[in-house]
Amino acid sequence: MLDLKVLRDDPDAVRRSQTARGEDPSLVDAALAADEQRRTAIAGYELLRAEQKSLGKQVASAQGGEKQALLARTKELSGQVKLAEASAREAEEALSGVQLQLSNVVEPDAPIGGEEDFTVLDHVGTPRDFAAEGFEPRDHVDLGKLLGAIDVERGAKVSGARFFYLTGPGALLELALINLAVQQAVAAGFTPMVTPVLVKPPAMEGTGFLGQAAENVFHLEQDDFYLVGTSEVSLAAYHSDEILDASALPLRYAGISTCFRREAGTYGKDTRGIIRVHQFDKIEMFTFCKPEEAVAEHQRLLAWEKQFLDQLELPYRVIDVATGDLGSSAARKFDIEAWIPTQGKYREVTSTSNCTEFQARRLGIRMRHGDRTSPVATLNGTLVAIPRVIVAILENHQRPDGSVRVPAPLQATLGTDVIQPR
RNA sequence: GGAGGCGUCGCCUAGUCCGGUCGAUGGCGCCCGCCUGCUAAGCGGGUUGGGGUCUUAAAGCCCCUCGGGGGUUCAAAUCCCCCCGCCUCCGCCA
């Protein structure tokens with residue numbers, strides 16, 4: 001949710017941002033008009049209500065005929081107050097309806113354009129030249145089968161498309177990655193958190209996932225629960241309707257959770273393997289900080305993501321996601337994409353977003369500084385999304401015989417430095 | 001799932017039976033001041049959050065806020081209904 005003050009004082013900036021995202025700039029004018037109506041309605045209601053209260057007090061002490069006269073007036077007022085209150089509430093709802101449709105204002109340095117208009121900020125590592133090594137790389141599905149690490153057939157049998165089992169070394173790989181990620185996060189000062197994966201509507205709405213992203217969210221109709229697509233949701237809502245001590249910021253949490261995604265509208269996309277699945281586990285970094293520190297914190301989150309991938313010796317690049325491809329809450333987003341040899345391209349493995357005060361305003365998360373309160377900034381970043389990192393490890397570290405080299409920090413949990421075909 | 005109890009402006013708490021003087025009591029904590037070799041104690045004052053209005057800004061004024069929503073009433077923390085959360089006991093169950 002955007003600050004009404006910004007909307008009133010600098011509507012052009014919001015219009016420009018909407019346009020850069022490929023969204024409707026006229027929403028700004030609709031919001032301003034709704035705000036105007038709301039304020040008029042509130043003023044009307046409050047005037048009547050003030051009169052009702054002051055007359056009510058006189059009724060209490062008045063006697064006889066005077067009391068009867070007052071009662072006649074207040075009875076009439078009572079109905080008027082109810083009507084005015086209803087129209088004030090209607091106007092409030094109309095405004096928040098428009099306000100909820102407006103996306104966050106993008107950072108000025110974010111590249112303008114659609115999905116393909118990102119800019120590449122960094123390349124780390126070099127993709128292996130399998131041709132020079134003299135063999136054709138296997139993809140992660142074949143490797144997973146060969147190693148007894150991934151079972152997509154039975155995943156489909158039991159739960160349908162886009163479900164899978166991690167078996168044997170695959171399961172151990174997940175545990176090793178989670179351990180490594182949590183250890184790194186704790187060392188960096190994050191509080192590790194195991195979070196709920198079912199949340200009530202306000203948490204989902206507050207984090208901005210019920211807008212354009214709504215079709216990708218699982219909803220349990222009978223109980224009105226949503227399944228989170230990321231622990232970002234439960235972590236952001238953790239402090240909802242709270243006033244935080246500004247001196248205690250930043251608060252950094254590492255969420256450990258399963259994530260659920262409907263992947264609607266992706267039929268035919270990544271149907272093979274475990275790149276795009278309905279359920280996976282993920283460690284997510286989440287920060288509450290002062291708005292003026294958000295940009296610097298965003299860089300720190302990105303640095304922690306790189307630190308993690310560096311240890312796994314994966315070639316990757318960092319991209320600055322273009323305005324048209326940002327989530328509604330994000331002002332800026334950096335993705336890290338790991339090299340996937342059998343696809344011959346880089347694929348997203350992490351994503352970090354600066355949501356500035358957008359989520360905090362919706363969720364009622366403020367900080368106290370001096371004698372006033374104001375919204376905090378929230379940021380999130382993937383430390384590890386298990387399936388995609390497993391894909392990257394298997395494919396990048398494979399050897400001609402189908403065995404896979406295990407990066408050093410994972411060897412203890414795996415109990416070996418090479419995963420051998422079964 | 002069943003029965004009962006509870007939910008008040010950071011924490012604790014009075015008030016709810018019997019509607020108006022609650023524009024919410026007191027304590028703790030915190031902030032400011034006085035006193036004071038220093039500290040503590042003592043004394044005085046302040047201390048929910050949101051919105052509207054006016055203003056360069058502040059102050060002021062007004063409205064809302066007693067878990068949430070609805071109802072009764074001229075008037076609701078207080079009466080009625082629904083919901084949510086917490087606690088205790090019973091049942092069931094990893």
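In the text below, chain A, chain B and the rest are named by the order of the sequence lines, each starting its count at 1.
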If you measure from the P atom in B:C64 to the same atom in B:C80, how many Å do you get, rounded? 23 Å
Just the rounded figure in Å: distance from C1' of B:C63 to CD of A:Gln52. 12 Å
Searching all strands shown, indicate the nucleotide that pairs with B:G7 (Watson-Crick or G-U wobble; both distances under 3.5 Å). B:C84
Stepwise, does the salt bridge (charged side-chain N to carboxylate O under 4.0 Å, His left out) test hold for A:Arg16 with A:Asp12? CA-CA 6 Å; A:Arg16 277 196 301 276; A:Asp12 278 339; 5.2 Å; no
Under 4.0 Å: is that the gap between some side-chain N or O of A:Thr373 and OP1 or OP2 of B:G50? yes
Please state the C1' separation for the pair B:U21 and B:C84 - nearest whole angstrom. 34 Å
Over all strands shown, is A:Arg366 touching base, sugar-phosphate only, or nothing at heavy-atom distances under 4.0 angstrom? sugar-phosphate
Taking atom P in both B:G60 and B:G68, what distance in whole Å separates the two? 27 Å
Whole-Å gap separating P (B:G69) and CD (A:Glu93): 12 Å
Basic-acidic side-chain contact under 4.0 Å: A:Asp224, A:Lys200: no
Would you indicate which nucleotide in B:C63, B:G52, B:C74 comes nearest to any side-chain atom of A:Tyr45? B:C63
Rounded to the nearest angstrom, tell me the gap between atom CE in A:Met1 and atom P in B:G50. 13 Å
Please give, in whole Å, the distance from B:U73 P to A:Glu76 CD? 17 Å
Is there a side-chain contact between A:Lys75 and the phosphate of B:A75, meaning an N or O under 4.0 Å from OP1 or OP2? no
Side-chain N or O of A:Arg39 versus OP1/OP2 of B:U53: is the shortest distance under 4.0 Å? yes
NA contact type, A:Leu55, heavy-atom cut-off 4.0 Å: base, sugar-phosphate, or nothing? nothing
For A:Lys5 and B:U53, give me the distance from atom NZ to atom C1', rounded to whole Å. 14 Å
Euclidean distance, atom CZ of residue A:Arg38 to atom C1' of B:C63 [Å, nearest integer]: 12 Å
Below 4.0 angstrom, N of the basic side chain to O of the carboxylate: do A:Asp401 and A:Arg138 qualify? no
N-O pairing of A:Arg405 and A:Glu313 below 4.0 Å: yes
Separation of A:Lys82 atom NZ from B:C64 atom C1', in whole Å? 17 Å
Out of B:C63, B:G70, B:U73, whichever nucleotide has its closest atom nearest the side chain of A:Ala50: B:C63
Would you say A:Arg89 reaches B:G70's phosphate, i.e. side-chain N/O to OP1/OP2 under 4.0 Å? yes
Determine the interatomic distance between C1' on B:U53 and the same-named atom on B:G70; round to the nearest Å. 30 Å
Atom-pair distance (CG on A:Leu48; C1' on B:C64), nearest Å: 15 Å
What residues form a ring pair (Phe, Tyr, Trp, His ring centres under 6.0 Å) with A:Phe260, not counting sequence neighbours? none
